[in-house]
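Have a look at the structure below before the remarks.
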Number of protein chains: 2
Amino acid sequence: MATVERARQSDLRERNLAAVLALVADRTAGAGGDPAPSRAGLAAATGMARGTVSALVDALLAGRLLEEVPPPPRTGAGRPAHGLRLSGRRVAALGVELGASHAVACVRDLTGAVRAREAVPTIDRTGPPAQVLAASAELAGRVLADARAQGLDVVGGAWALPGLVDTGAGTLRLAPNLGWRDVDVLALLGEHPALQGLPLAVDNEAALAALAELWHPGEPDDAAGGRRGASFVLVTGEVGIGSGVVLGGRPLRGERGWSGELGHVTVDPSGPRCGCGASGCLEAYAGQEALLARAGLAGGAADDLRRAAEGEDPAALAALDDAGAALGTALAAAVNLLDVDAVVLGGSCAPLAPWLAPPLQRELAARVLRARLLEVPVRVSATGADAAVMGAAALVLQGVLDAPAPLLGA
Amino acid sequence: MATVERARQSDLRERNLAAVLALVADRTAGAGGDPAPSRAGLAAATGMARGTVSALVDALLAGRLLEEVPPPPRTGAGRPAHGLRLSGRRVAALGVELGASHAVACVRDLTGAVRAREAVPTIDRTGPPAQVLAASAELAGRVLADARAQGLDVVGGAWALPGLVDTGAGTLRLAPNLGWRDVDVLALLGEHPALQGLPLAVDNEAALAALAELWHPGEPDDAAGGRRGASFVLVTGEVGIGSGVVLGGRPLRGERGWSGELGHVTVDPSGPRCGCGASGCLEAYAGQEALLARAGLAGGAADDLRRAAEGEDPAALAALDDAGAALGTALAAAVNLLDVDAVVLGGSCAPLAPWLAPPLQRELAARVLRARLLEVPVRVSATGADAAVMGAAALVLQGVLDAPAPLLGA
DNA sequence: ACTGATTTGTTCTGTCGTTGAACTTATGCC
DNA sequence: GGCATAAGTTCAACGACAGAACAAATCAGT
């Protein structure tokens, strides 16, 4: 009995603009595969009248969200079509990731291409949140300037943060790994001179990494038909373990944006104590710290573990096998509850996939009820370490694709 | 990058009809509380022009989805408004539940009132699925006849089934408790003469029970503002343990309709063996069979356990405490992953709530990451044993509320 | 009882957006 | 060079909402 929103006539246009844009975006992403779509092709695909599509395309061309590509490959007789694709010349979006020990900012254009990027390997977070956020805003200011110098129109920005982010209010409610609590991120960022006039958003880094996965151009098309209806849980192991859920091609946010807390799913109630106060959380098995400690590499880095595993170090292999099984138990719960198609290993789990995947796969096969009907594939994320920043920018771009009208002038 | 559907002009009308209908439904449900809404009130609430609302209401009155209630309570000066409410005189829906050992069918009118009902306490399911389904179709035929004799226009029917239901294809893929596998339910039912011409659907019983919870008139308004934006996980313990998830006032289906398999979430990987083949599933702790066995009442009924607990039988109390804790562990995973507002105990868990809730609450508080920010309330379902049938009918009715246009004549 | 204020509901014109068909343009094939 | 074919454009018509003017029904005060 959720209330249905009323619709005005302009919503009709908004939606059809979005429909056209989404279709073009799907084919632009497909790169070499599909030919650039034409107005007539779009009309056939959407079911709209050709005249309507022409009008919508004209508006999108005028707003420079689309551009014509001269001659698409010809097929038979008849007037040749004008190919269409997303234009990377105007609209762009800012993404910023604020991790436990680093910060990255980037600007992506509407095609998803990265047009400016800067990383700060170690960020000084001894100061109060306001100071750390201001430093990230300055970093953002530099990539913004870079992007604007290229003639890009940056229409919004998003910050990726670890912890429980209240996406509605724009606040970071709880971030154990940053040591922050109840920080009004949006308000603090909004004050910064470098960000004046730029609409901002905040979201959880794992949720954004999942969005990045969805946007990643190289993603192999699975049976479901490419990115369109993709559904998966992406595991992002950094300091803690988080996850982002995508269902039906859309991120699943939960009631407040606090979904996907895979790291604190219980693997064994009588298991080791977790930093959150509970016992037997996934993080206590497969979190970076726990994992390194069990491998006898306490205080080391993720890379050390990979090397140890490559050298077939028994402690490392055992720790990874345990961690993979723990991941499998927790992810089985996620698949049982959410009915997603696949599991994707991202973050620091990705390079460890050769060792994590077999026990993980085993547990999924045993513990997911539907596994006897339909296997749960385990994939390795195609996005790299920048997943969260890329996803942050993608969040803004997705907003443009969903509601392009405001960018099309009067 | 989910593809956006194009919209035609008639969709505008459809959506605004639904918006009006949803608003009236919300207030009709509120029973004594709110006064019956007027056209002017609806215009103010939706933001539409008064003329537009009048036209929409006229169409809905003509289609007998709404009716006018003579004089709503007066307030001040001015022309008195005509009150509006959902009409129970025309549209109705059939719901059928096919449990492991019983079958129920009912017809609810658009206000949610039950207008016809018949239960078969024990169903003979020794025969093949086709035969059992045919028996349920005959049961349905009888309540249909009853409803039609009352002048009701039954616009659709839904079957509630235990197990993995493919809602898209209309098939029951796997039902351990029925012993069925890959049954094309919709095709078999569609052949039956009693159901000719009636659009049918199938869904999982727990998902439908959750929908019933959402539709239940007596549901206490929680902080979120009543049923509108409700979000919860409903636990339905019958033979197995299932759950239905409602997020933002809408059921969460998952990619295929296989979400909510709470019963097979792992509570302790080294725990007792479950019927599904895995070990330590929630069902192996809190499923009816396991629970009774641990309480020393193997082979007994749910009621025996309640009586034993009321008599403070130590074995029963211990079993219930363990089951509550196991439920808490599994539900903590659900809340961590889904960020729902609340947990609701339904089915055979409801009468046991006095004993299950305390340990459950305790585990939730310890294991849900967000619990330190926002408590996870545990409620007891307001719907009775008929939850799934009621929800099945509600599924159809919700479809009418969401898309009323087809019922409004040419 | 009458009058004016007030609020509800209806009617009508204007505007927006899509539809469908006719028309123009550009190409390949014979 | 002419014809078939397909792409894109133009235009009248229709459906739906918006906004304002208007009619109807009540209350309050004299």
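Reminder, nothing fancy here: chain letters follow the sequence lines and each chain counts from 1. Below, each value reflects all heavy atoms present in this structure, side chains not excepted, and no hydrogens, waters or symmetry copies.
- When atom types are taken as modelled, the side chain of B:D339 and the backbone of A:G257 share a donor-acceptor pair closer than 3.5 angstrom.
- Annotation: the span from A:L94 atom CG to A:R115 atom CZ amounts to 14.5 Å, rounded to 0.5 Å.
- The neighbour count for B:E5 CD, taken as heavy atoms of other residues, nucleotides or ligands under 6.0 Å away, does not exceed 12.
- Across all strands shown, A:R15 has no heavy atoms under 4.0 Å from either base or sugar-phosphate atoms.
- Put simply, CZ on A:R8 is 19 Å from P on C:dT15, counting in whole angstrom units.
- In this structure, the CG atom of B:L17 is 9 Å from the P atom of D:dA16, given to the nearest Å.
- Between B:D341 and A:R256, at least one side-chain N (NZ, or NE/NH1/NH2) sits under 4.0 Å from a carboxylate O, which counts as a salt bridge.
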Item checked: Base versus backbone protein contacts along nucleotides 4-11 of chain C [heavy-atom cut-off under 4.0 Å; B, S, -] -> --BBBBBB
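- In this structure, the side chain to side chain contact (heavy atoms under 4.5 Å, CB included) partners of A:L186, at least two apart in sequence or on a different chain, are A:D184, A:L200, A:V202.
- The distance from atom CZ of A:R13 to atom P of D:dC17 is 18 Å, rounded to the nearest whole Å.
- For the pair B:D11 CG and D:dG15 P, the computed distance is 15 Å after rounding to whole Å.
- Between the CG atom of B:L12 and the P atom of C:dC16 there is a distance of 15 Å, rounded to whole Å.
- With hydrogens and angles left out, the side chain of A:Q9 and the base of C:dG17 share no donor-acceptor pair within 3.5 Å.
- Distance CG (B:N16) to C1' (D:dA18): 12 Å, rounded to an integer number of Å.
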Distance-only donor-acceptor pairs under 3.5 Å for side chains of residues 41-70 of chain B, two or more places apart:
unit_1, atom_1, unit_2, atom_2, d
B:T46, OG1, B:L42, O, 2.9
B:T46, OG1, B:A43, O, 3.4
B:T46, OG1, B:M48, N, 3.1
B:E67, OE1, B:S87, OG, 3.2
B:E67, OE1, B:R89, NE, 3.0
B:E67, OE2, B:R85, NE, 2.9
B:E67, OE2, B:R85, NH2, 3.1
B:E68, OE2, B:R39, NH1, 2.9
B:E68, OE2, B:R39, NH2, 3.0
B:E68, OE2, B:H82, ND1, 3.0

